[in-house]
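Everything on this sheet refers to the single structure shown next.
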There are 2 protein chains.
Amino acid sequence: MLKEERHQVILNEVRIHNKVLLTDIAELVKVSPDTVRRDIKELHDANKLKRVHGGAISLGFNHYNYANREIYSLEKKSRIAEKAVSLLKDGQVVLLSGGTTNLEIARLIPPYLKITCFTPSLPIAVQLLPKPNIEIIFIGGKINKDSQITIGGGPIGVLSELKADICFLGVNSIHPSDGVTEFDWEIVQVKKAMINASKKVIVPSIFEKINSVQRYKICDVGSIDLLITELDKNDPLLKPYRKNLALL
Amino acid sequence: MLKEERHQVILNEVRIHNKVLLTDIAELVKVSPDTVRRDIKELHDANKLKRVHGGAISLGFNHYNYANREIYSLEKKSRIAEKAVSLLKDGQVVLLSGGTTNLEIARLIPPYLKITCFTPSLPIAVQLLPKPNIEIIFIGGKINKDSQITIGGGPIGVLSELKADICFLGVNSIHPSDGVTEFDWEIVQVKKAMINASKKVIVPSIFEKINSVQRYKICDVGSIDLLITELDKNDPLLKPYRKNLALL
DNA sequence: GAAAATCTTGCAATGTTTTGCAATATTTTT
DNA sequence: AAAAATATTGCAAAACATTGCAAGATTTTC
């Protein structure tokens with residue numbers, strides 16, 4: 001493995017976790033800790049990260065910048081997004097709905113992954129823009145200002161001609177017997193179309209926030225292939241879902 | 001094997017794997033490592049890849065910073081954008097191509113104006129998002145990362161079904177006899193479609209920067225209804241345009 | 001078309017960088 | 001303060017890079 005590659009790996013880990021342990025990298029890329037130490041020293045001198053005892057941390061990140069509540073759900077989102085990103089493989093066609101958890105997934109997609117992303121979400125497209133290996137297809141149409149995704153006939157038409165490998169479906173509410181629900185009718189239509197446009201449907205969501213029922217139904221839990229939450233897959237809170245749904 | 005062929009092989013490997021080991025190439029194409037080293041050096045100098053100890057890696061890999069678009073001509077852009085915005089009226093359907101001058105127009109559109117904006121440009125859509133009275137229709141498709149607009153069949157199809165009242169066409173080059181030209185073929189196709197999709201075509205551009213000719217032709221100056229520059233409409237520099245073109 | 005000039009390629013000698021290891025020092029944790 | 005973890009330093013082997021050179025191929029010039 002080239003030195004430059006190791007540097008990329010280290011920076012990527014720092015980008016994702018805001019920190020990195022020297023020993024973890026050594027194991028990950030299979031070089032001696034000494035080498036990783038030298039790498040980190042170089043990156044530090046180049047002002048790409050901050051070298052600290054035991055590893056390195058991200059430059060800008062400062063916990064004080066965030067309110068306590070937010071940082072809490074941000075960490076949960078990151079954990080969910082990490083699980084989600086681990087499912088991606090080179091060459092896949094990925095469909096990303098809107099929402100902040102999906103935005104976090106977009107952020108964590110490693111820059112070396114070669115995938116095609118379809119999305120109707122403006123913030124997600126912007127987030128993906130700087131990643132050189134990702135082909136972005138924006139699903140056009142009328143933009144809904146609240147959700148910042150496109151809605152209506154345009155996107156639904158495009159989706160009807162697509163069969164993506166995997167869809168990350170952002171969700172407002174989910175319930176073991178009432179299924180996935182939403183309060184905006186137009187968004188429901190788009191999400192239904194997304195489910196039809198994918199071989200696999202994955203719902204990445206903060207469990208705390210979604211265990212509820214809204215006005216309009218998108219689908220039954222049976223239509224979902226995998227539910228990713230911040231909880232451990234064996235958490236008792238998830239018991240009602242376990243019979244119909246794979247968990248991660 | 002010709003040198004050029006080897007170069008193609010190397011670039012292809014870099015494209016696929018994001019990196020390449022000098023020794024691998026040497027073995028693959030059966031030349032000495034020295035030759036490969038010289039090849040990589042050439043490609044590095046031509047800015048096609050990044051030469052590193054042991055081989056080469058893809059450019060762009062760590063291109064994490066957005067293109068640092070020039071900011072210095074912002075004042076000129078603002079003057080042009082002000083003139084452009086003064087043409088807008090309630091109820092119009094407006095088509096905005098990409099480019100920094102159009103982005104400035106989007107910024108200056110007053111929030112009380114009730115118009116519908118079609119655009120294939122990600123930054124322009126983002127700029128318009130907070131304006132409550134503007135309906136935004138994003139023209140979807142594959143995103144070109146340089147220009148940050150969508151290109152290809154998708155947008156061209158959408159445009160073929162549209163007749164906007166007014167189109168602000170961002171332009172790289174314009175010339176009194178050679179017309180409007182561009183260096184990216186795919187962008188040419190989109191811009192041609194935009195011209196066809198509008199009743200009026202308006203080109204807002206910094207005159208200093210556009211008085212030139214590029215590879216591919218978009219249209220003659222006769223197809224343009226109005227040219228807006230930072231100059232006074234009676235400026236002698238604009239004389240060659242005055243017979244075929246309205247000015248502002 | 002032949003001679004000259006230029007380019008390409010592989011080789012060898014020499015120089016540089018990278019890497020892991022071991023001994024020692026420093027910091028962190030208990 | 002002792003123990004554990006991490007850092008520093010110097011070193012040697014291996015990998016890689018550089019340079020100059022010469023033989024052959026290709027292009028240019030006459």
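Only a predicted model underlies this, so the values are computations on that prediction, with no experimental measurement involved. Within every chain, numbering begins at 1; the chains are lettered A, B, ... in the order of the sequence lines, protein sequences first and strands thereafter.
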Checking C:dT18, C:dT8, C:dG20 against the side chain of A:K3 (C-beta onward), the nearest is C:dT18
Does C:dG10 have its OP1 or OP2 closer than 4.0 Å to a side-chain nitrogen or oxygen of B:T35? yes
Closer than 4.0 angstrom, basic N to acidic O: yes or no for B:E104 and B:R107? yes
Consider the side chain of A:H53, meaning its heavy atoms from C-beta on, and name the nucleotide among C:dT27, C:dG10, C:dT18 that approaches it most closely. C:dT27
Among the nucleotides C:dT19, D:dA17, D:dA7, which one has an atom lying closest to any side-chain atom of A:R51? D:dA7
Listed nucleotide nearest any side-chain atom of A:K41, set C:dA12, D:dT8, C:dG20: D:dT8
Figure out the NE2/C1' separation between A:H44 and D:dA7, and round it to whole Å. 14 Å
From CD1 of A:I25 across to P of D:dT6 the rounded distance in Å is 14 Å
In this structure, are over 12 heavy atoms from other groups packed under 6.0 Å from A:K163 atom NZ? yes
Would you indicate which nucleotide in C:dT19, D:dT18, C:dG20 comes nearest to any side-chain atom of A:S32? C:dG20
B:V52 near the nucleic acid: base, sugar-phosphate alone, or nothing, with a heavy-atom cut-off under 4.0 Å? sugar-phosphate
Take the angle between the ring planes of A:F138 and B:F138 and call it parallel below 30°, perpendicular above 60°, tilted in between. tilted
Nearest-Å distance for atom pair CG/P, residues B:L22 and D:dT18: 10 Å
Interatomic distance where CD belongs to A:E27 and P belongs to D:dT6 [whole Å]: 13 Å
Ignoring hydrogens and geometry beyond distance, is a side-chain donor-acceptor pair present between A:T116 and A:E135 at under 3.5 Å? yes
Starting at CE of A:M1 and ending at C1' of C:dT18, how long is that distance when rounded to a whole Å? 16 Å
With nearest nucleotide decided by heavy atoms, which residue, B:R37 or A:T23, maps closer to the 5′ end of DNA chain D? A:T23
How close or far is atom C1' of C:dT19 from atom CD of A:E4, stated in whole angstroms? 17 Å
Could you check which of D:dT9, C:dA12, C:dT17 has an atom nearest any side-chain atom of B:D34? C:dA12
Rounded to whole Å, NE2 of B:H7 lies from P of C:dC7 at a distance of 15 Å
A:L2 CG to C:dT19 C1': how many Å, rounded? 14 Å
Whether A:R38 contacts C:dC21 is assessed here as follows: a side-chain N or O lying under 4.0 Å from the phosphate OP1 or OP2. Is that the case? no
Return no unless some side-chain N or O of B:R6 is found under 4.0 Å from OP1 or OP2 of C:dT9. yes
Look at A:E4 together with B:K19 and state whether they make a salt bridge at an N to O cut-off of under 4.0 Å. no
